[in-house]
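For reference, the structure is listed below as structure tokens.
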Amino acid sequence: MSKKSLRIIFMGTPDFAVATLKALIDGPDQVVAVVSQPDKRKGRGKKLSPTPVKEIAQEAGIPVLQPEKIKTTEFQQELAAFEPDVMVVAAYGRILPANLLQLAPYGCINVHGSILPNYRGAAPIQWAVINGDEEAGVTIMQMDEGMDTGDILHVSTMKPVEDETAGSLFWKLSELGGTALLECLEKLKAGTLTPRQQD
């Protein structure tokens, strides 16, 4: 496989996904579009507020899609028009249907805030702190139709400090996710990834 620049569609919504998107924007590949959840009304004035991921994408001049429904043929065609090589998902907030998982040649790759198979689903960082884990980390996985059940592509780990909180670990793993993803994409382009099934 050549080391050409990948065309990437990024899907993410909250703060946790921001570091990953920034890493992609600053990296060697091209983010051709960003998909985020619809804006929500916040605060006393109920003003419509953009998602953290949308703000970063707009600053970088990247097209942003915010579909109410993701299972439509129209949305699939809209994504396909960007001709992505791979789709990267980080805390998007919805389960993707099979037609989106298979849209790009390299499929969908997810950045998950735990060492899988531990802590699939929501709140993996909080559970790592609650259980006093001596090691935390980020898993880059190939998405399938299950909840965080796809093949593991890359794992990056770190040791939480003694007084670690879910808040402090959140930001550390967010940054680690961006670094881990770039390492994974380089292996993908070089053809050196060795996916392994989850236990």
Side-chain angles (χ1 to χ4, degrees), residues 4-113 122 124-125 138 140-143 145 147-148 150 170-171 173-186 188-189:
K4 76 177 182 76
S5 173
L6 294 170
R7 292 176 60 81
I8 297 171
I9 290 177
F10 180 81
M11 303 181 78
T13 300
D15 287 321
F16 182 79
V18 165
T20 299
L21 177 57
K22 284 182 175 177
L24 285 175
I25 291 169
D26 294 339
D29 300 302
Q30 183 185 6
V31 182
V32 293
V34 164
V35 181
S36 197
Q37 294 269 28
D39 296 342
K40 291 191 174 163
R41 297 189 182 279
K42 290 183 181 174
R44 283 188 182 172
K46 294 294 180 190
K47 187 180 172 188
L48 209 56
S49 297
T51 69
V53 160
K54 179 181 179 179
E55 287 186 290
I56 299 301
Q58 287 181 323
E59 285 171 18
I62 299 167
V64 179
L65 310 177
Q66 294 179 283
E68 293 284 349
K69 297 178 179 176
I70 64 171
K71 294 184 178 179
T72 65
T73 304
E74 292 76 18
F75 180 57
Q76 181 183 357
Q77 290 170 344
E78 200 172 2
L79 290 186
F82 288 101
E83 300 181 342
D85 295 306
V86 65
M87 289 167 55
V88 171
V89 181
Y92 173 54
R94 290 186 188 172
I95 294 175
L96 303 189
N99 63 339
L100 295 189
L101 294 176
Q102 297 154 12
L103 183 75
Y106 288 116
C108 285
I109 292 175
N110 180 240
V111 181
H112 184 74
I125 298 168
V138 170
I140 313 297
M141 53 162 276
Q142 190 80 46
M143 292 176 70
E145 291 185 70
M147 176 65 78
D148 302 324
F170 177 96
W171 294 112
L173 291 182
S174 171
E175 292 291 335
L176 187 62
T179 307
L181 177 67
L182 291 187
E183 289 175 21
C184 183
L185 291 178
E186 284 307 303
L188 179 72
K189 288 185 281 189

Atom of V138, atom of L173 and distance for their closest heavy-atom approach: CG2-O, 3.4 Å
Rounded distance [0.5 Å steps], CG in L65 versus NZ in K54: 10.5 Å
Candidate list L24, V31, D85, test side-chain contact (heavy atoms from CB on, under 4.5 Å), partner L6, passing option: D85
Rounded distance (nearest 0.5 Å) linking atom NZ of K4 with atom CD of Q30: 10.0 Å
Shortest non-hydrogen contact from P67 toward S36: CD-O, 4.2 Å
Separation of L101 CG from M87 CE (nearest 0.5 Å): 7.5 Å
Derivation of the side chain to side chain contact (heavy atoms under 4.5 Å, CB included) call for F170 and D15: CA-CA 9 Å; F170 177 96; D15 287 321; 4.1 Å; yes
Atom pair CZ/NZ of F10 and K22 - distance to nearest 0.5 Å: 12.0 Å
Between CD1 on residue I70 and CD on residue E78, distance to nearest 0.5 Å: 13.0 Å
CG on L182 to CG on L188, rounded to 0.5 Å: 12.0 Å
Heavy-atom pair of closest approach, residues V53 and V34: CG1-CG1, 3.5 Å
Any donor-acceptor N/O pair, T13 side chain to Y92 backbone, under 3.5 Å: yes
Exam field: side chain S5 to backbone P28, donor-acceptor pair closer than 3.5 Å: yes
Where L79 and V35 come nearest, the two heavy atoms and their spacing: CD2-CG2, 3.8 Å
Exercise: identify the closest heavy-atom pair between I8 and L185: CD1-CD1, 3.9 Å
Side chain to side chain, N110 and I140, heavy atoms closer than 4.5 Å: no
Shortest non-hydrogen contact from E83 toward R7: O-NE, 3.2 Å
Verdict with reasoning, T51 to V64, per side chain to side chain contact (heavy atoms under 4.5 Å, CB included): CA-CA 11 Å; T51 69; V64 179; over 6 Å; no
Test item: Q66 side-chain N/O and Q37 main-chain N/O as donor-acceptor pair under 3.5 Å: yes
Test side-chain contact (heavy atoms from CB on, under 4.5 Å) applied to V89 and M141, R94, M11, H112, the passing residue: M11
